[in-house]
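Below is one structure, written out as structure tokens; the observations come after it.
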Amino acid sequence: MEVSSLPISASQRGKLISAGYTSLSSLFSVSSFDLARDLKISENEALAILEVASQRAGLGRTNGSHAVVSGAQNAWDMLCEEESLGRITTCCADLDEILGGGISCQEVTEIGGVPGIGKTQLGIQLAVNVQIPSDYGGLQGKAIYIDTEGSFMVERALQIAEACAEDMQDYSGLLHKDKQAHQIRMQPKDLLNNIFYFRVCSYTEQIAVINYLEKFVSEHKDVKLVVIDSITFHFRQDFVDMALRTRLLGGLALKLMKLAKKFSLAVVLLNQVTTKYSEGSYQLTLALGDSWSHACTNRIILYWNGNERNAYIDKSPSVRSACAAYAVTRRGIRNSTSSCKRVKMM
């Protein structure tokens with residue numbers, strides 16, 4: 001539940017959101033003293049806000065001395081549900097193989113790497129591929145693309161959509177080779193129509209859009225992918241208060257995890273790199289610090305190996321760490337032409 005639903009003044013709601021308290025759950029572990037300090041209000045006002053939040057969340061209603069809790073799920077049902085979920089192909093067979101078939105639904109996957117490595121290309125590719133019909137092994141869903149950097153290229157999306165439509169037509173021809181030519185109903189225009197694009201120009205806009213996603217997806221239940229390109233951009237600028245930044249990002253991460261689980265969709269967060277001083281030298285690492293590394297279910301690092309692009313699974317609960325080569329071509333993400341060999345990493 002969002003703080004925007006609280007029956008308090010508009011200025012108080014604005015102060016809560018600006019300070020990173022965007023959901024009711026974010027208020028449950030804060031003291032009135034800390035809330036008053038963060039919002040620059042009196043402690044009595046902070047106490048009143050916390051009381052309203054507690055009442056709205058129903059924490060005052062108890063059964064005996066314990067709050068009523070529901071929602072348990074047994075492990076067998078969880079396993080069956082997980083096995084029934086689809087994956088989104090990357091169009092690179094080697095990369096799909098180490099990912100266990102592609103990008104997972106109900107999970108948050110972070111993809112990071114240096115500029116020019118193909119992060120946005122992969123994001124656009126996934127936004128197109130999530131629409132592949134179920135007859136062809138796809139999810140037959142739609143995509144939301146949140147662009148924080150202005151890097152989304154609709155001309156590039158059209159190229160990838162055209163290639164996807166051609167690939168489906170070729171596959172259809174193989175399936176129906178003994179019959180009359182089978183025409184694919186989905187055209188490049190359809191693929192572009194099914195990508196919902198949001199351009200955000202500040203971290204407050206980014207927070208607002210992510211807060212709006214649950215309502216948007218509730219109204220568009222065929223959405224199966226959310227791409228944020230990048231999660232980092234607006235949070236690397238103008239932040240003197242690192243504690244505030246950490247709290248804001250933590251709140252966003254929780255919302256995205258909840259969204260992925262509730263609607264059985266995939267969330268893909270593209271991330272930038274920064275330098276970190278370690279053991280006497282500077283090393284490249286993904287941005288937003290060590291605490292952010294816990295915000296995603298899976299983490300994939302893209303890097304150069306000579307002139308070849310490689311993807312490395314740095315973190316995943318379901319597949320082992322491994323790397324695969326991939327290429328960025330005119331048709332989109334594909335297998336590397338120079339080397340299709342996959343190297344297992346221990």
Side-chain angles (χ1 to χ4, degrees), residues 78-79 81-114 117-134 136-141 143 145 160 163-164 167 171 224-231 256-257 259-261 263-271 286 293-305 308-329 331-337 339-346:
M78 291 173 64
L79 178 62
E81 181 182 1
E82 184 175 319
E83 290 178 344
S84 69
L85 293 174
R87 291 176 179 258
I88 307 170
T89 178
T90 64
C91 275
C92 173
D94 293 340
L95 182 51
D96 281 350
E97 185 179 350
I98 66 171
L99 288 170
I103 299 296
S104 303
C105 288
Q106 288 197 350
E107 294 180 354
V108 177
T109 299
E110 180 184 27
I111 302 175
V114 297
I117 197 65
K119 300 185 297 295
T120 296
Q121 304 284 332
L122 184 53
I124 295 173
Q125 184 76 65
L126 293 171
V128 170
N129 289 357
V130 72
Q131 303 176 51
I132 295 173
S134 54
Y136 297 83
L139 298 185
Q140 201 166 322
Y145 202 102
I160 293 174
C164 182
D167 289 343
Y171 183 60
K224 291 298 178 185
L225 172 69
V226 175
V227 178
I228 303 181
D229 181 12
S230 67
I231 190 69
L256 292 169
M257 289 178 183
L259 188 78
K261 185 69 175 177
F263 295 101
S264 295
L265 55 79
V267 175
V268 173
L269 309 177
L270 306 185
N271 197 355
L286 296 192
S293 65
H294 304 292
C296 57
T297 315
N298 309 287
R299 170 174 270 194
I300 303 168
I301 299 175
L302 309 181
Y303 65 97
W304 289 102
N305 182 12
E308 186 175 68
R309 292 176 169 91
N310 277 251
Y312 172 66
I313 299 178
D314 182 59
K315 169 189 173 185
S316 174
S318 56
V319 296
R320 63 180 296 186
S321 294
C323 69
Y326 68 96
V328 177
T329 72
R331 298 174 62 82
I333 304 297
R334 295 292 187 271
N335 280 356
S336 173
T337 55
S339 172
C340 293
K341 189 161 54 173
R342 176 165 55 92
V343 181
K344 290 284 187 182
M345 306 292 288
M346 295 303 292

Measure across Asn335 and Ala327 and return the closest heavy-atom pair with its distance rounded to 0.1 Å.
O-CB, 3.7 Å
Tell me the closest heavy-atom pair linking Glu110 and Cys296, and the distance in Å.
OE1-SG, 3.5 Å
Value rounded to 0.5 Å, distance of CD1 in Ile111 from CZ in Arg299:
12.0 Å
Euclidean distance, Asp314 CG relative to Ser321 OG, rounded to 0.5 Å
6.5 Å
Examine distances only and state if a side-chain atom of Asp96 and a backbone atom of Thr90 form a donor-acceptor pair shorter than 3.5 Å.
yes
I'd like to know if the side chain of Thr297 and the backbone of Val108 have a donor-acceptor N/O pair within less than 3.5 Å.
yes
Distance in Å, Asn129 CG paired with Ile333 CD1, rounded so as to fall on 0.5 Å steps
9.5 Å
Backbone N/O of Val114 and side chain of Lys119: donor-acceptor pair under 3.5 Å:
yes
Nearest heavy-atom approach of Arg87 to Leu99 is NH1-O, 2.8 Å
Find out whether Leu139 and Ile132 are in side-chain contact, i.e. whether some heavy atom of one side chain is under 4.5 Å from a heavy atom of the other.
no
Separation of Ile117 CD1 from Leu270 CG (nearest 0.5 Å)
13.0 Å
Is any side-chain heavy atom of Ile228 less than 4.5 Å from a side-chain heavy atom of Leu256?
yes
Judged by modelled atom types alone, do Asp229 and Tyr145 share a side-chain donor-acceptor pair under 3.5 Å?
yes
Which atoms form the tightest heavy-atom contact between Cys91 and Gln125, and what is the distance?
SG-NE2, 3.6 Å
Nearest heavy atoms of Asp167 and Arg334, plus distance in Å:
OD2-NH2, 3.1 Å
For Val267 and Leu269, which heavy atoms make the closest approach, and how far apart are they?
CG1-CD2, 3.7 Å
Apply side chain to side chain contact (heavy atoms under 4.5 Å, CB included) to Ser264 and Leu85, showing your working.
CA-CA 8 Å; Ser264 295; Leu85 293 174; 4.2 Å; yes
Would you give the length of the straight line joining atom CG of Leu286 to atom CG of Asn271, rounded to the nearest 0.5 angstrom?
5.0 Å
Please report the interatomic distance NZ(Lys261) to CG(Leu259), rounded to the nearest 0.5 Å.
13.0 Å
